[in-house]
Amino acid sequence: MKVQLHKAVGGVLAACAALAAFPVGVTAQSAVDEIAKYRQQLQDGNPAELWEARGEDLWKQKRGPKSVSLERCDLGKGAGVVKGAYAELPKYFSDADRVMDLETRLVHCMVTQQGFTTADATKRTFGAGSNRSDIEALTAWITSESKGVRMNVALNHAKEKEAYRLGEKIFYFRGGSHDFACATCHSETGKRIRLQDLPNLTEKAGAQLAYTTWPAYRVSQGELRTFQWRLNDCFRQQRFPELQFGSEASVALTSFLAFNANGAPFNAPAIKR
Amino acid sequence: MADPMRIRASEKGGIVNVKVLMSHEMETGQRKDGSGKIVPAHFIQSVTATHNGKTVLLAHWGPAVSKNPFLEFNFKGGQKGDKVQVTWTDNKGDKRTDEAAIS
Amino acid sequence: MNQMRRRTLKAGASAGLLALLAAAGIISPGEVLAADWNKAAFEGKSMQDALKALGASSPATSSDIVIRAADIAENGAVVPVGVESRIPGTQSISILVDKNPSALAASFDLPAGTEPSVTTRVKMGQTSDVYALVKADGKFYMAKKEIKVTLGGCGG
Amino acid sequence: MKNPYRFACVLALIAAGCTTMSDQDVSDKAVAVMKTSFNERGQAKLDRLDQDEAQKLCSIPPSAVLPKEVAARIEEINLATVKYPADGKLLGNWRDGERVAQSGIGMQYSDDPKVPAGANCYACHQLTQEEISFGTIGPSLYNFGKIRGNSEAIQRYAYGKIYNPQAYTACSNMPRFGHKQILTEQQIKDVTALLMDPNSPVNK
C-alpha cells in the first residue's frame with residue numbers, strides 16, 4: 001500500500017457510541033455519522049472469534065512440563081469456573097497473596113499448575129502476526145464467557161481497596177517528556193483525539209463503556225488485544241517507559257477502572273479501529 | 001496448519017445467509033518488517049463455497065483483502081441442517097476447508 | 001489419475017473444463033480456483049490495467065449497482081464494502097480501489113441461485129474512489145463511491 | 001517515602017487490614033509502585049518517571065482547583081524557561097509547520113530518536129478546514145491569526161505557548177514542546193507560522 005497499512009497506530013481507550021456536539025457544523029457532524037456507520041458495519045463479523053476458538057482449545061489442552069490442562073485453574077470463582085469469572089476480576093487471591101487481573105492469574109496457573117517457568121509463560125504476552133500469543137487467545141475465550149454478565153468487582157480485602165486507591169493515583173500521575181497522565185485524555189466527557197471518542201474514565205458511564213469493550217480485535221493491527229495490552233500501549237503513547245506485564249501498577253490501574261465499570265454488562269471481545 | 005474458519009449459515013425464507021471469518025495474514029508483499037526487509041506476499045487467492053456439492057460462490061482475491069478476511073453472501077435453495085462447505089487456497093498453496101450446518 | 005490431473009493443469013485448460021473435472025471429482029474446487037486466478041488483473045497497477053485484464057475496458061456506468069460502505073473509514077486496513085447488483089443476469093461482482101498499488105481487490109463469481117450481493121473488507125492505502133464492476137449477461141457495468149481514509153488515534 | 005516513620009505506619013495499617021492510609025501515603029506509595037512497574041525501553045528510560053515540580057503538583061484530577069498561589073508558582077517557574085529565538089524571528093514556514101502539526105511520532109520507546117518528533121497538534125485541535133480528523137481536547141485554532149491579528153505580541157504569545165504552555169496556564173494538558181526539547185526552535189517557528197501566517201490554511 002502506498003502508506004504502510006499495518007503500521008501499528010496505537011489507539012485510544014475504546015470507541016464510544018455516545019457522541020457529543022462538535023464545534024463545527026455539517027462537515028464534522030456528517031463525519032461523525034459516517035464513522036458511526038463504519039463501526040456498525042464492522043460489528044457483523046468480529047475476527048476475535050478466531051482467537052476465542054484457539055483460546056478454548058488452549059484452555060482444554062494438556063500443556064507444559066506437567067502436561068495438564070488449565071481446567072483446574074481458579075479464576076476466582078472456584079477451580080475451572082470460567083463463566084462470569086472475568087466480570088469479578090481483578091481480585092485478591094490468597095494463594096498468591098496479591099490482587100490479580102485475568103492475565104496475571106493465567107500466568108500464575110500456567111506456572112503453578114502446568115509447570116511453565118514465568119519466563120516461558122510470559123515470553124509472548126502480545127502477539128504479532130504469526131508470532132501468536134497464547135495469553136491473548138486464552139483471554140479472548142475466557143472473557144467471551146462473561147459476555148452479558150454485569151461487572152461486579154469487589155473491594156473487600158484490604159489489598160483490593162489499596163489497589164483501587166493506588167490505581168486512582170496512577171491514573172492522575174503526570175510524567176514523561178510530554179507531561180501526560182491517563183487523566184490528560186480520559187477525564188473529560190465528550191472529548192475526542194483525532195476522530196476517536198475518548199471515554200471519561202472518571203465517570204461511571206465512560207468507565208463502563210470503555211472497560212466492558214476490552215479485549216478487542218483492533219482492525220488497525222489485525223490483532224486481538226487484551227486490557228494489559230491496552231494499558232501498555234497507552235503508556236507507550238504517554239511517552240513513559242514500558243509497563244511490565246502483570247506489574248503492580250498495571251493491576252492497580254485495572255482494579256480502579258474495572259471497579260468503576262461495575263454494574264454494566266460485559267460486552268467483549270469487541271471490535272475497534 | 002491454518003486455524004479453522006468460523007462459518008455461520010442461516011436460512012430464512014428460502015435464502016441462506018453465509019458469513020465466514022478466515023484466519024490469514026493477507027500480507028501485501030509491500031510491508032517492511034522491523035529490520036527493513038520486505039515481508040513476502042502471502043494471501044488467500046481463492047475461496048469456494050459449496051452447498052450439497054454445488055458451487056454457490058467462487059471468489060478470487062488479491063492482497064488488498066483485509067487481514068483475517070470476512071465474507072458474506074446469500075444463496076437460494078438451502079435447507080436447515082444442510083452443510084455449507086468453504087475452502088480457501090493461498091498463493092503459497094496452503095489451503096483449508098471447513099463446513100457448517102445451516103441453522 | 002494424478003498424471004492426467006497434472007497434465008490438464010499444465011495445459012492451462014479452460015475454466016469450463018476445470019469445472020467439469022472438479023465436478024467429476026478429478027480435481028478439487030480449490031485447484032480450479034488457483035488455476036483460475038487472473039494474475040494480470042490482480043497485478044495490474046491501474047484501474048485501466050485491471051479492467052483490461054478482466055475484459056471490461058469500457059464498462060457502462062449503472063445506477064443499479066449499490067455500494068454499501070461508509071463515506072469515511074476510521075482505518076484503512078479494514079474497510080467494509082458491500083456490493084449489490086440489481087442488473088438482471090448478474091454473473092460476477094468485482095471490487096476495485098483506484099489508488100491502491102493494484103486496483104483490483106476482489107472478484108466474486110456468482111452461480112445461478114446465488115444473490116447478486118456480496119460483502120467483504122478491503123485495505124485502502126489512502127482516500128480513493130472505490131469501484132464496483134458487475135458482469136451481467138456478458139456485459140460490464142460499473143459504479144463508484146469515494147471513501148475517505150482518516151488518520152486516527154494518538155497518531156504514533 | 002522520605003519519611004520513614006510514615007512508611008512504617010503505612011505497613012502497619014496494611015498488616016492490620018486497615019483502610020485508613022492517608023491520601024498522601026497513597027500518593028507516595030503510588031509513586032513507589034510506578035517505579036517498580038516499568039522497564040526502560042528504547043529512548044524511554046526510567047527517569048521519565050521522575051516528576052518535576054509542575055508534574056507533581058499537577059497529578060490531580062482536572063476538576064480539582066489549584067490554590068491561586070500554587071498556580072501562580074507553576075506559571076512563574078515555567079515562564080522562566082521560555083527562550084525566544086536569538087535571531088528575533090518568530091515565524092518559520094507554515095508548510096513545514098503543517099507537517100509537524102500532523103505528525104504524532106517522537107519520544108516514544110517505539111520511535112527512532114533520529115527522526116524529528118512531531119507536535120501532533122491535530123490530535124487535540126482543529127486547525128484547518130481541510131483536515132477533518134482533528135481532536136477536541138484543546139480549543140479550535142482555526143483562524144487563530146486572522147482573529148487575533150498578526151502582531152508581534154501575538155506571535156510572541158503563540159511561540160511562548162508552544163514552547164511552554166504552563167507559563168500561561170498551570171497544569172495545562174498541552175506538552176511543553178520547547179522546555180522538554182520535543183521540538184526544535186525551527187519547528188516551533190514553523191508551527192507558529194502555521195498559526196499566524198495569513199497564507200496558512202489556518203487563516204483561510
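By convention in this document, chain letters (A, B, ...) are assigned in the order of the sequence lines, proteins followed by strands, and residues within each chain are numbered from 1.
Ranked by non-hydrogen atom pairs under 4.5 Å with chain D, the options A:Ile35, A:Asn232, A:Thr184 are led by A:Thr184. Of the listed residues D:Pro61, D:Ala54, D:Cys124, the one with more heavy-atom pairs under 4.5 angstrom with chain A than any other is D:Pro61.
At a threshold of 4.0 Å, the pair A:Asp197-A:Arg39 counts as salt-bridged, since one of the basic side-chain nitrogens sits closer than that to a carboxylate oxygen. Salt bridge status for A:Arg236 with A:Glu242: absent, with no side-chain N to carboxylate O gap under 4.0 Å. Using a 4.0 Å cut-off between a side-chain N of Lys or Arg and a carboxylate O of Asp or Glu, D:Asp52 and D:Arg176 qualify as a salt bridge.
Of the two parts of A:Ser177, the backbone and the side chain both hold a non-hydrogen atom closer than 4.5 Å to a non-hydrogen atom of chain D. Only the backbone of D:Ser172 has a heavy atom closer than 4.5 Å to any heavy atom of chain A. With a threshold of 4.5 angstrom between heavy atoms, A:Phe180 approaches chain D through side-chain atoms but not through N, CA, C or O. Of the two parts of A:Phe235, only the side chain, counted from C-beta on, holds a non-hydrogen atom closer than 4.5 Å to a non-hydrogen atom of chain D. With a threshold of 4.5 angstrom between heavy atoms, D:Asp47 does not approach chain A through any atom at all. Interface remark: D:Ile60 contributes backbone atoms only to the contact with chain A (heavy atom separation under 4.5 Å). D:Gln181 does not touch chain A: none of its heavy atoms, backbone or side chain, sits under 4.5 Å away. For D:Glu131, the part lying under 4.5 angstrom from a heavy atom of chain A is the side chain only.
From D:Phe177, atom CZ reaches atom NZ of D:Lys161 across 11.5 Å, with rounding to the nearest 0.5 Å.
The cationic atom of A:Arg132 (NZ for Lys, CZ for Arg) does not lie both less than 6.0 Å from the six-membered ring centre of A:Phe126 and within 45° of the ring axis. Seen from the ring of A:Phe93, A:Arg98 does not count as a face-on cation partner, given the 6.0 Å and 45° thresholds.
Remark: A:Cys182 SG to A:Cys234 SG, distance not under 2.5 Å.
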